[in-house]
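All of these numbers come straight from a predicted model, not from anything done at the bench. As a basis for the values below, the full set of heavy atoms in this structure was taken, side chains included, without hydrogen atoms, waters or symmetry mates.
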Amino acid sequence: MINIIWFFIIMISFVIASINGNLGEISSVIFDSVIYSVELTIKLLGPMALWLGLMNIAKKSSLVNKIARLLKPIIKIIFPEVPDEHPAAGAIVLNLTANIMGLGNSATPLGINAMQELQKLNKDSDKASLAMCTLLALNTSSITLIPAMIISIRAASGSNYPAIIVLSTIFATTISTITALICDRFFRALN
């Protein structure tokens, strides 16, 4: 669906540009954008390697495991239908911890693993369980302590203070997570 929307936006742009006689400007913008995207990708390599290395050290130094231990009681409150010793509980903790630490790419396979474990507890395999919906809401709105990707993009774009967004990111993601949890509880109550 998104491809169709993009196709129509591009086609409308070409039609309007040809009506206004600005087709030459569109082609120069396209080529400038291609060059900029390649430059941005190359500039992102260094900061992303640094952040991923720091996050890898956090994982290997068991900092992630310590955060996971802190989260375990909260997880029990948020996911009451998941038994303590079930592998789904551990998978959820690891996934949310990865999101909080801004591990990005590492959080995705952990989230898929958590969903697979929750599916084993799901009584109706054709519908998502309440716990699965809660996990999706938390993943989408997760609190992020270190927004590594955004810091990297800001650094690559020449920002003088690329990490200045950390506090605002923590604030915004905290609000989004609280909102997601309130909505989750509201819709659970409707069921």
A.B. asks: Between atom OG1 of T134 and atom CG of L118, what is the distance when rounded to the nearest 0.5 Å?
C.D. replies: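 Interatomic distance, T134 OG1 to L118 CG, rounded to 0.5 Å: 9.0 Å.
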
A.B. asks: With ILVMFWY side chains joined below 4.5 Å, transitively, what does F186's cluster contain besides itself?
C.D. replies: F187, L190

A.B. asks: Using 0.5 Å steps for rounding, measure from the CD atom of E81 to the NZ atom of K123.
C.D. replies: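 Answer rounded to 0.5 Å: 10.0 Å.
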
A.B. asks: Decide side-chain contact (heavy atoms from CB on, under 4.5 Å) for S176 and T173; before the verdict, give the C-alpha distance in whole Å, the side-chain angles of both, and the deciding distance to 0.1 Å.
C.D. replies: CA-CA 5 Å; S176 67; T173 55; 4.2 Å; yes

A.B. asks: Using side-chain contact (heavy atoms from CB on, under 4.5 Å) as the criterion, list what pairs up with A128, not counting sequence neighbours.
C.D. replies: M132, C133

A.B. asks: Below 4.5 Å, heavy atoms only, C-beta onward: do P147 and T144 meet side chain to side chain?
C.D. replies: yes

A.B. asks: Is there side-chain contact between I100 and S142, with heavy atoms separated by less than 4.5 Å?
C.D. replies: yes

A.B. asks: Got V82 and E117 here, is their nearest side-chain heavy-atom distance under 4.5 Å?
C.D. replies: no

A.B. asks: Quick one: does M115's side chain get under 4.5 Å of N95's, heavy atoms only?
C.D. replies: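 A side-chain contact under 4.5 Å is absent here.
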
A.B. asks: Looking at every non-hydrogen atom in both residues, tell me the closest pair between A17 and I26 and how far apart they are.
C.D. replies: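 Scanning both residues completely, I find the closest heavy atoms to be CB-CD1, 3.1 Å.
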
A.B. asks: Could you grab the distance from atom CD1 of I30 to atom OG of S13, nearest 0.5 Å is fine?
C.D. replies: 9.0 Å

A.B. asks: When I10 is tested against each of F14, F8, F7 for side chain to side chain contact (heavy atoms under 4.5 Å, CB included), which residue passes?
C.D. replies: F14

A.B. asks: Is it the case that the side chain of N20 and the backbone of N22 share a donor-acceptor pair, with hydrogens and angles ignored and the cut-off at 3.5 Å?
C.D. replies: no

A.B. asks: With clusters defined by side-chain heavy atoms of hydrophobic residues (ILVMFWY) lying less than 4.5 Å apart, directly or transitively, does L181 cluster with I143?
C.D. replies: yes

A.B. asks: Using side-chain heavy atoms (C-beta onward) and a distance below 4.5 Å, is I2 in contact with W6?
C.D. replies: yes

A.B. asks: Can you name the closest pair of heavy atoms from L121 and P83 and give their distance?
C.D. replies: CD1-CD, 3.9 Å

A.B. asks: How long is the gap from CG on L23 to CD1 on I16, to the nearest 0.5 Å?
C.D. replies: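 The CG atom of L23 sits 11.5 Å away from the CD1 atom of I16.
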
A.B. asks: Could you check whether any side-chain heavy atom of D184 comes within less than 4.5 Å of a side-chain heavy atom of I78, counting everything from C-beta outward?
C.D. replies: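 Answer no - side chains too far apart.
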
A.B. asks: Can you give each donor-acceptor pair under 3.5 Å made by side-chain atoms of residues 158-172, sequence neighbours left out, with the distance rounded to 0.1 Å?
C.D. replies:
{"residue": "S159", "atom": "OG", "partner": "R154", "partner atom": "NH2", "Å": "3.2"}
{"residue": "S159", "atom": "OG", "partner": "Y161", "partner atom": "N", "Å": "3.2"}
{"residue": "S168", "atom": "OG", "partner": "I165", "partner atom": "O", "Å": "3.0"}
{"residue": "T169", "atom": "OG1", "partner": "I165", "partner atom": "O", "Å": "2.7"}

A.B. asks: Any non-hydrogen side-chain atom of S157 less than 4.5 Å from a side-chain atom of E39?
C.D. replies: no

A.B. asks: With a 4.5 Å heavy-atom cut-off, do L135 and F79 have their side chains touching?
C.D. replies: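 Side-chain contact under 4.5 Å: yes.
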
A.B. asks: Over all heavy atoms of both residues, which pair between A137 and A180 is shortest? Give the atoms and the distance, please.
C.D. replies: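 So the two residues come closest at O-CB, 3.9 Å.
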
A.B. asks: Given the rule that I, L, V, M, F, W and Y join up when any side-chain heavy atoms are under 4.5 Å apart, are L145 and I74 in one cluster?
C.D. replies: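 Yes, same cluster.
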
A.B. asks: Is it the case that N99 and N139 place a side-chain donor and acceptor less than 3.5 Å from each other?
C.D. replies: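 Looking only at side-chain atoms, N139 and N99 do form a donor-acceptor pair, the distance falling under 3.5 Å.
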
